[in-house]
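Convention: sequence-line order gives letters A, B, ...; per-chain numbering from 1. Computation of the quantities below employed the complete heavy-atom set of this structure, encompassing side-chain atoms and omitting hydrogens, waters and symmetry-equivalent molecules.
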2 protein chains.
Amino acid sequence: MFSKSCKYAIRAVVHLAIHSSESHKIGVKEVAEALDVPGPFLAKVLQQLSKNGLISSTKGPSGGFYLSERDKSASMRKVVESIDGPDIFTSCLLGLPVCSSANPCPLHDKAVIYREGLMYLLTRQTIKDLSVRIINDELIL
Amino acid sequence: MFSKSCKYAIRAVVHLAIHSSESHKIGVKEVAEALDVPGPFLAKVLQQLSKNGLISSTKGPSGGFYLSERDKSASMRKVVESIDGPDIFTSCLLGLPVCSSANPCPLHDKAVIYREGLMYLLTRQTIKDLSVRIINDELIL
DNA sequence: AGATAAAAAGATGTTTATATCTTTTATGAT
DNA sequence: ATCATAAAAGATATAAACATCTTTTTATCT
């Protein structure tokens, strides 16, 4: 479903939402250790998220990555699309170039419902929503 | 969602269901041209499907791949799992090793519903069901 | 039996995804 | 102003997926 980069991105963004703020930035190393993922690879992912404006960062001493309040109001869908590309929820399940409700592939009508359900779920769910839920339900990352 | 091999497999199986029979086997080349996919690569996929007992084949002159009536009664889910592995519908969306309804990752409860919907759809839908629908609705492959 | 056709199997190449390392640049602290 | 710190950027390495080619095996027909 999601690429590994994307999975890391989702977890990292939520971790930052919970543990960072404008006044308390976090380094890649710390995030990587918390999530138990390869640091240099996570750095790439965070840089891309930063370049796409989904997370914030500053260089230099006491710098690091963080989420502003504005960042936290973005949808999880944007996070996913920022890494795996905008077509992940809309491209044909069978990889056919022409596939739409007008010209459906054999799986289109039946399967698209479920994928769109997931898409809309992630569209509605903001980073903040998710992190609040994680704190309340004591979920793991 | 599905790997390229898996997409090819789905399309090839359906093509065989529609165009082949025990008395009319089809060569890889013919299938590859019909679906417009690379022949040698499709051959690998068909071989794996054959080895896993999802499609039938015979060697030699007038040999080729085909679907017996018994083959056609298998679910599309088996086709998918035969190529992409049995975990494709059940592994954690975030790639966490421990993730279940008892110990859910942040996306688990909400997202799993949709993926399971797709899984059950493919479980119910046999190869024959799908090919009949394709013929009736004149869908493309 | 020999020729042939086609899958099966194996070897190899190419591309993309994943992962790591090194250098550069910007920032805050002294 | 200088130094230390940490992200950004670039270069490189490894693994997996994707793709192709070649050889072998097997079945069928003559």
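Two residues are said to be in side-chain contact when any heavy atoms from C-beta on lie closer than 4.5 Å; L93(B) and R115(B) meet this criterion. Side-chain contact between D87(B) and E81(B): absent, with no pair of heavy atoms (C-beta onward) separated by less than 4.5 Å. A heavy-atom distance below 4.5 Å is not found between the side chains of E30(A) and E33(A).
If you find the closest nucleotide of DNA chain D to S62(A) and to S5(B), the one lying nearer the 5' end belongs to S62(A). Residues G60(A) and P40(A) both approach DNA chain C. Their nearest nucleotides, taken by heavy-atom distance, put P40(A) toward the 5′ side. Comparing K25(A) and C6(A) along DNA chain C, the residue whose closest nucleotide (by nearest heavy atom) sits nearer the 5' end is C6(A).
Residues V132(A) and L16(A) are members of separate hydrophobic clusters, defined by side-chain heavy-atom contacts under 4.5 angstrom among Ile, Leu, Val, Met, Phe, Trp and Tyr. The cluster map of Ile, Leu, Val, Met, Phe, Trp and Tyr, joined by side-chain heavy atoms under 4.5 Å apart, puts I113(A) and L118(B) in different clusters.
The closest donor-acceptor contact from the side chain of S20(A) to the backbone of L67(A) lies under 3.5 Å.
The stretch residues 41-59 of chain B comes close to DNA chain D through F41(B), K44(B), K59(B), each having a heavy atom under 4.0 Å from the strand.
Seen from the ring of Y66(A), K25(A) counts as a face-on cation partner, given the 6.0 Å and 45° thresholds.
Residues D84(A) and I88(A) share a closest heavy-atom pair of OD2-CD1, 3.6 Å.
Between the C1' atom of dA7(D) and the OH atom of Y66(A) lies a distance of 12 Å, rounded to the nearest Å. For the pair K29(A) NZ and dA6(D) C1', the interatomic distance rounds to 12 Å; values are reported in whole Å.
Heavy atoms of Y8(B) sit under 4.0 angstrom from primed sugar atoms or phosphate atoms, though from no base atom. Looking at heavy-atom distances under 4.0 Å, P38(B) makes contact with sugar-phosphate atoms alone, never a base.
Here dA19(D) is the nucleotide among dA19(D), dT5(D), dT28(D) with the atom lying nearest to any side-chain atom of K4(B).
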**OP:** Mind running salt bridge (charged side-chain N to carboxylate O under 4.0 Å, His left out) on K72(A) and E69(A) for me, showing each step along the way?
**Re:** CA-CA 5 Å; K72(A) 289 184 194 173; E69(A) 285 307 311; 3.3 Å; yes
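Mapping heavy-atom proximity under 4.0 Å, the span of DNA chain C touched by chain A runs 5' to 3' from dT18(C) to dG28(C).
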